[in-house]
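In what follows, every heavy atom counts, from backbone to side chain, and hydrogens, waters and symmetry copies are set aside. To find a chain, count down the sequence lines: A is the first, B the second, and so on, and within it residues start at 1.
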Amino acid sequence: MNFSRQLVDWYIVNKRVLPWRDTENPYFIWLSEVILQQTRVQQGLPYYQSFVKTYPTVEKLAAAPQDEVLKLWQGLGYYSRARNLQAAALQIVEDDLKFPDNYKDLLRLKGVGDYTAAAIASFAFHEVVPVVDGNVYRVLSRLYGISTPINVPAGVKQFKELATKLLNKKEPATHNQAIMEFGALQCTPKNPDCSSCPFKLDCVAFQEDTVRDLPVKLKKAKVKSLYHHYVVVQTPSGKTIMNQRDNSNIWAGLFEFPYIEANGSLLSSEVIGHDVFKEVVGKSRFRESVYNQQPIIHKLSHRKIHAYFWVVKVEEELETAVLVEEAFQKPVSVLIERFMKKFWQRN
DNA sequence: AATGCGGGGCG
DNA sequence: CGCCCAGCATT
C-alpha cells in the first residue's frame with residue numbers, strides 16, 4: 001500500500017485550517033511548534049495569535065523584556081518554554097540573524113529538541129526528516145501493531161526508523177503535517193473512528209482488535225511518600241538498638257533502627273509519646289534530640305522516604321542493645337548506612 | 001534511565 | 001480520577 005499517498009489524500013480532505021499552515025516563515029513555524037509542545041491546538045491557538053501580533057519578527061522577540069514574554073505566556077504552562085524561546089531568539093539574533101535552516105542547526109536552539117527541529121526543518125525548508133510526536137507514535141503503533149513501549153530508547157529508535165521509511169521524500173512537509181493531523185482527528189487516543197478509517201484493512205491493531213491497547217507506554221510507578229522517624233538509641237556504654245526487617249517487604253532481612261511511621265514531620269512530644277519509642281526506651285530516663293531538622297530524602301523506584309533520625313541518650317543500659325562496632329557489621333539499607341557513617345564518623 | 005515541568009479536556 | 005496533549009532539559 002502507498003501509505004503516504006493515502007495519508008495525504010485523507011489530509012487534503014480533512015485538515016483543519018490553522019494559521020501556521022499558511023506560512024513557510026520559519027520564525028512563525030517555530031513559534032507555533034514551541035507553543036504546541038504538549039499542548040492541544042485549541043489551547044495554543046490564541047497564544048500563537050498574540051505572539052505573532054506582539055512579536056512579528058524574531059528581533060522583536062529577542063528585544064522584548066523577559067517579564068513581558070512570560071506575561072504573554074501566562075496560563076499556558078511549562079514556562080521554561082517561554083524562557084527558552086527568548087534565549088533562542090537571542091541566539092539567532094546574535095548569530096547575524098540567520099535563522100537556522102536545517103535539522104542539525106535547529107537542534108542547537110534552546111528548547112528545540114528532536115521533534116521541533118524536524119517539524120521546522122520539514123515545514124519551512126522541506127528537509128526530508130520525519131516528525132515523531134505523540135500522534136505519530138499512536139498512528140504507527142496501531143497501523144503496524146507495534147507494542148514496543150514508546151517511552152523507552154528502543155521504542156523511540158524503532159518508531160523513528162519506521163517514520164523515516166514511510167516518509168514521502170518528495171513532500172516531507174505535507175506528509176508530516178498529514179500524519180499528525182490524522183492522529184489528532186481520526187486515530188485519536190480514545191474512541192478512534194476506525195469504521196471510517198482509510199487504513200482499516202491494513203491496520204494491524206484494527207484487524208487484531210488491539211487498538212485500545214496501543215500505543216504501549218510504560219507508566220512510571222507513582223511514587224508514594226513515606227515518613228520514617230528513626231529512633232537511634234545511645235546507651236551509657238555506647239550501644240545502640242537495631243531491628244531486623246521481616247522478609248515480606250522492601251529491605252527484607254536488612255537491619256535498621258526502630259522507627260515510627262508518620263504522615264509528616266513530628267514534634268518531639270509526639271515521638272516520645274509513641275508506642276514504638278516507649279517500647280525501645282522502656283523505663284529509662286533519656287534525653288532526645290532530632291539529628292536532622294530537615295528530612296533526608298531517600299528515593300526508591302516507587303517510594304520517597306522522608307527520614308528523620310531522633311538521637312536518644314538513655315541513662316540505663318538496654319537489654320537488646322549492641323555495640324556500634326557490631327551494628328556496622330550488620331546488613332543495612334543505603335539510607336541507614338549513610339546515616340551511620342555520618343553520625344559515627346566511620347568509613 | 002528518570003524526573004520535573006502546567007494547564008486543560010475527555011471518558 | 002487517570003490519561004493525554006505537535007516535548008525538552010537536566011541529572
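Rounded to the nearest Å, the gap between the C1' atom of C/dC3 and that of B/dG6 is 15 Å. When the P atom is used for both B/dG4 and C/dA6, the distance is 24 Å, rounded to whole Å.
In the set C/dC8, C/dC5, B/dG7, the nucleotide with an atom closest to the side chain of A/R138 is C/dC5. Among C/dG7, B/dA1, C/dC5, the nucleotide with an atom closest to any side-chain atom of A/P153 is B/dA1. Relative to the side chain of A/K110, the nucleotides C/dA6, C/dT10, C/dC5 differ in distance, and C/dT10 lies closest. Of the candidate nucleotides C/dA6, B/dG6, C/dC4, B/dG6 has the atom nearest to the side chain of A/Y79. Nearest nucleotide to the A/P189 side chain, out of C/dC4, B/dG6, C/dA6: C/dC4. Closest approach to the A/K217 side chain among C/dC4, C/dA6, C/dC8 is made by C/dC4 (side chain taken as heavy atoms from C-beta onward). Taking only side-chain atoms of A/N84, from C-beta outward, the nucleotide of C/dC4, C/dA9, C/dG7 with the closest atom is C/dA9. The side chain of A/M180 sits closest to C/dA6 out of C/dA6, B/dG7, C/dC5.
The side chain of A/T116 contributes an N or O atom lying less than 4.0 Å from OP1 or OP2 of C/dC8. Checking the phosphate oxygens (OP1, OP2) of C/dG7, no side-chain nitrogen or oxygen of A/Q37 falls inside 4.0 Å.
When A/F255, A/Y291, A/Y308, A/Y259 are each tested for a ring pair (Phe, Tyr, Trp, His ring centres under 6.0 Å) with A/Y230, only one passes: A/Y259.
Between A/A154 and A/S80, the residue anchored closer to the 5' end of DNA chain B is A/A154, taking for each the nucleotide with the nearest heavy atom. Mapping A/N191 and A/T39 onto DNA chain B via the closest heavy atom, the residue that lands nearer the 5' end is A/T39.
Here CG of A/D22 is found 11.5 Å from CZ of A/F28. Values are rounded to the nearest 0.5 Å.
In this structure, CD1 of A/I120 is placed 13 Å from C1' of C/dC8, rounded to the nearest angstrom. When the P atom of C/dC5 is taken as reference, atom CG of A/D133 falls 8 Å away, rounded to whole Å. Straight-line distance from the NZ atom of A/K160 to the C1' atom of C/dG7: 13 Å, rounded to whole Å. Here the P atom of nucleotide C/dA6 and the CG atom of A/D114 are 17 Å apart, to the nearest Å.
Contact of A/R81 with B/dC5 (side chain to base): no donor-acceptor pair of N or O atoms is detected under 3.5 Å.
In this structure, A/L76 reaches the bases: a heavy-atom distance under 4.0 Å links it to at least one base atom across the strands shown.
With a 4.5 Å cut-off on side-chain heavy atoms, A/I241 and A/V322 do not count as touching.
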